[in-house]
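Step one of this worksheet: look at the structure below.
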Amino acid sequence: MSDRSLPDISRRTFARGLAATATVVGIDTLSGRWITRAAAAEAGSSAFDAVPRLDGELLLDEPSRQAVAVDNGNLTRVVPRAVLHPGSTADIQTMIRFARRNGIKVAARGAGHTTDGQSLSPGLVIATGSLNRIHSIGPAGADVDAGVLWSDLVRATLAQGLVPPQLTDYTNLSVAGTLSVGGVSGRFAQGAQIDRVRRLEVVTGTGESLICSATENRELFEVMLGGLGQCGVITRARVDLVRAPTAARIHTLRYTDNARFFRDLRTLLRRGELDEVYNIWAPGPTGWDYLLQAVSYYDAPSSPNSARLLRDLSVSPTEASVVDLPFAAYLERINNVIDATSGYERLVKPWFDVWLPDSTIEGFVGAVLPTLTPEDVGPSGFLLLFPQQRAKLTRPFFNVPDSNTWVFLFDILTSSPTDTPPAGFASAMKARNRTLFDRARAAGGTRYPIGTLDFDRADWKRQFGARWPELVRRRQRYDPDGILAPGVGIF
Ligand SMILES: Cc1cc2nc3c(=O)[nH]c(=O)nc-3n(C[C@H](O)[C@H](O)[C@H](O)COP(=O)(O)OP(=O)(O)OC[C@H]3O[C@@H](n4cnc5c(N)ncnc54)[C@H](O)[C@@H]3O)c2cc1C
């Protein structure tokens, strides 16, 4: 039967069980097209595989599919054939089994904030935003659905005097989305978010729902944390919580000299007296100004001793600009900036994100920074450096360089000046990213896979290094037909 002989579905279609026969959707297994049962009958198709009853919604209409056809990078458009807004873990099991027997590729999507098509699929997108329940919060941790946004979780935990020990700076991101990539900030001694997870519920590529942890289904647990969804879809997570302070003091120290900056940065890291240390760069009169952020949490009315915290640096503590914020406002500060930037989500964002070891970061930054123009960053883009204590990054499939001390995430978070950038902007930035990545890799660097990079199988193999055969084995075990995570492009 030709593909054309079956009417396609153009209106909004809800697959809400077999009772509503006219709108039951499924696959014509000969043509591979999504159709209604009625359309299949009309066309005389004998090969119809109906989608079983769902608690949530399966949407096939154009606006719903277009809504998940791009991500935050706006560089790649892949329109799926269907979008699942799951009402339960069982819905994800049902649709993964359905996809598997019909050879449909499946991507899980949280907030869709990766920038290189990682959450896109030509087949089915599972939009986890409908799984957004916070089941419990307590000193032993938070038990949350995969689609809960960290910002919502933080608001709920702060109400109980608790907070996740590690967060991303921007928190309108889904729990499972950041657990699939890593999740870090200037909290340099806390590990990544994936190091602060106790338990996951995962639907594998065979449709099986498994609980996994360090002691139960450990292989699956390990490969899901920072594993870019290669072996399953996270449906629920138990994440650590710690006592929340009431306020944060942000000291900003300005540098123009690379060596002085790194000397002071290392001094602050070595002392370990601050809660966060990171850097942002801003265009200055003679190049890029380094704006070192040294953050101390505290419980008002007591307050940090800034002079002591910033002692013996090349910049006097009196030169630091100091801002005190209530802790909740501190955690919202980046969300407020990003969300107040009109149209930010539509800008083209060819991001460059790379991890480097302590031994080469200074030389890399010192060499690359002077080559970057304001256009490389864009009016609403930014440059970031997050240090992390290497020993605290424990998950085997989180690809960070080896180091006895620190590793550093260096980000060029490029955004285009408008949502219709000049021709050649994206390709020029992607070429830049590749050149910089090759340079970083030669310096012992690895890719933080939230950004935009032309990356082939050989690159992925090198990225996983000695863990590659193990990744392949686990993929074959948990997703034997290779239907998951097509947008990442590892397999
Ligand atoms: C403005 C901004 C600021 C950021 N700041 C930081 C930061 O400070 N620190 C940091 O570490 N990162 C940061 N990021 C990057 C961010 O952590 C990642 O892009 C993260 O993946 C986004 O979460 P998401 O919910 O949008 O995931 P998505 O983009 O939806 O998904 C990311 C990947 O995870 C997979 N995935 C999603 N849900 C699931 C699931 N349930 N099960 C299995 N796989 C799944 C997707 O298929 C995809 O491969 C930032 C991003 C933006 C846009």
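Every number for a ligand or one of its atoms is a count from 1 in the order of the listing.
One finds a salt bridge joining R198 and D240 here, because a Lys/Arg side-chain nitrogen approaches an Asp/Glu carboxylate oxygen to under 4.0 Å.
Within the listing of ligand 1, atoms 7 (C), 8 (O), 9 (N), 10 (C), 11 (O) sit less than 4.0 angstrom from a heavy atom of V184. Taking a cut-off of under 4.0 Å to the non-hydrogen atoms of F386, the atoms of ligand 1 that pass are 8 (O). Numbered from 1 in the order shown, with element, the atoms of ligand 1 that lie under 4.0 Å from a heavy atom of Y170 read 1 (C), 2 (C), 3 (C), 4 (C).
With W406 as reference, L269 is the one residue of L265, L269, I361 to meet the side chain to side chain contact (heavy atoms under 4.5 Å, CB included) rule.
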The test is ring pair (Phe, Tyr, Trp, His ring centres under 6.0 Å); show your working for F386 and F408 and say whether it passes. CA-CA 6 Å; F386 285 153; F408 294 83; over 10 Å; no

Using ring pair (Phe, Tyr, Trp, His ring centres under 6.0 Å), reason through W34 and F98 one step at a time and then give a plain yes or no. CA-CA 12 Å; W34 294 77; F98 180 85; 5.6 Å; yes

Checking side-chain hydrogen bond (donor to acceptor under 3.5 Å, both in side chains) for the pair D324/Y330: CA distance, chi angles, key distance, verdict? CA-CA 9 Å; D324 287 284; Y330 174 71; over 6 Å; no

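Under 4.0 angstrom from ligand 1, the non-hydrogen atoms of I450 all belong to its side chain. The residue T235 has no part lying near ligand 1, judged by heavy-atom distances below 4.0 Å. Looking at W351 against ligand 1, only its side chain comes within 4.0 Å, counting heavy atoms. Contacts with ligand 1 closer than 4.0 Å are made by side-chain heavy atoms of N72 only, the backbone lying farther away. Contact annotation for V181 and ligand 1: only side-chain heavy atoms (C-beta onward) come within less than 4.0 Å of the ligand. Contacts of A107 with ligand 1, taken as heavy-atom pairs under 4.0 Å, are absent altogether.
Taking the six-membered ring for Trp, F491 and W468 have ring centres closer than 6.0 Å.
Going from atom CG of L75 over to atom OG1 of T452 covers 5.0 Å, rounded to the nearest 0.5 Å. D411 CG to I280 CD1: the interatomic distance, rounded to the nearest 0.5 Å, is 12.5 Å.
Considering backbone and side-chain atoms alike, T168 places every N or O at 3.5 Å or more from each N or O of ligand 1. Geometrically, ligand 1 and V488 share no nitrogen or oxygen pair separated by less than 3.5 Å. Residue S174 places at least one N or O, backbone or side chain, under 3.5 Å from an N or O of ligand 1. Checked by distance only, ligand 1 and M224 stay at 3.5 Å or farther apart across all their nitrogen or oxygen atoms. Residue D169 has at least one nitrogen or oxygen atom sitting less than 3.5 Å from a nitrogen or oxygen atom of ligand 1, judged on distance alone. Considering backbone and side-chain atoms together, L173 places no N or O closer than 3.5 Å to any N or O of ligand 1. Close N/O approach between Y344 and ligand 1 is not found [any backbone or side-chain N/O within under 3.5 Å]. Considering backbone and side-chain atoms together, Y448 places an N or O closer than 3.5 Å to an N or O of ligand 1.
Of the listed residues (I126, D116, T114, L484), the one carrying the non-hydrogen atom nearest atom 29 (O) of ligand 1 is T114. Closest heavy-atom approach to atom 40 (C) of ligand 1 among the candidates A176, S121, G226, G110: A176. Looking at P86, S180, A146, A485, it is S180 that brings a heavy atom closest to atom 35 (C) of ligand 1.
Proximity of G112 to ligand 1 is established by a heavy-atom distance of less than 4.0 Å. In this structure, A192 has no heavy atom closer than 4.0 Å to ligand 1. Under a 4.0 angstrom heavy-atom cut-off, G182 registers as lying outside contact with ligand 1.
Cation-pi check for R447 over F455 is met; the charged atom lies under 6.0 angstrom from the ring centroid and within 45 degrees of its normal. Geometrically, K392 does not engage F188 in a cation-pi contact defined by less than 6.0 Å to the ring centre and at most 45° from the axis.
W281 and F261 have tilted rings, their planes meeting at an angle from 30° to 60° on a 0 to 90° scale. By the 30° and 60° cut-offs, the orientation of the rings of F327 relative to Y297 is perpendicular. A perpendicular orientation is assigned to the rings of W355 and Y448, their planes being inclined by more than 60° (bins at 30° and 60°).
Closest to atom 46 (C) of ligand 1 among all protein heavy atoms lies A108 O, 3.1 Å.
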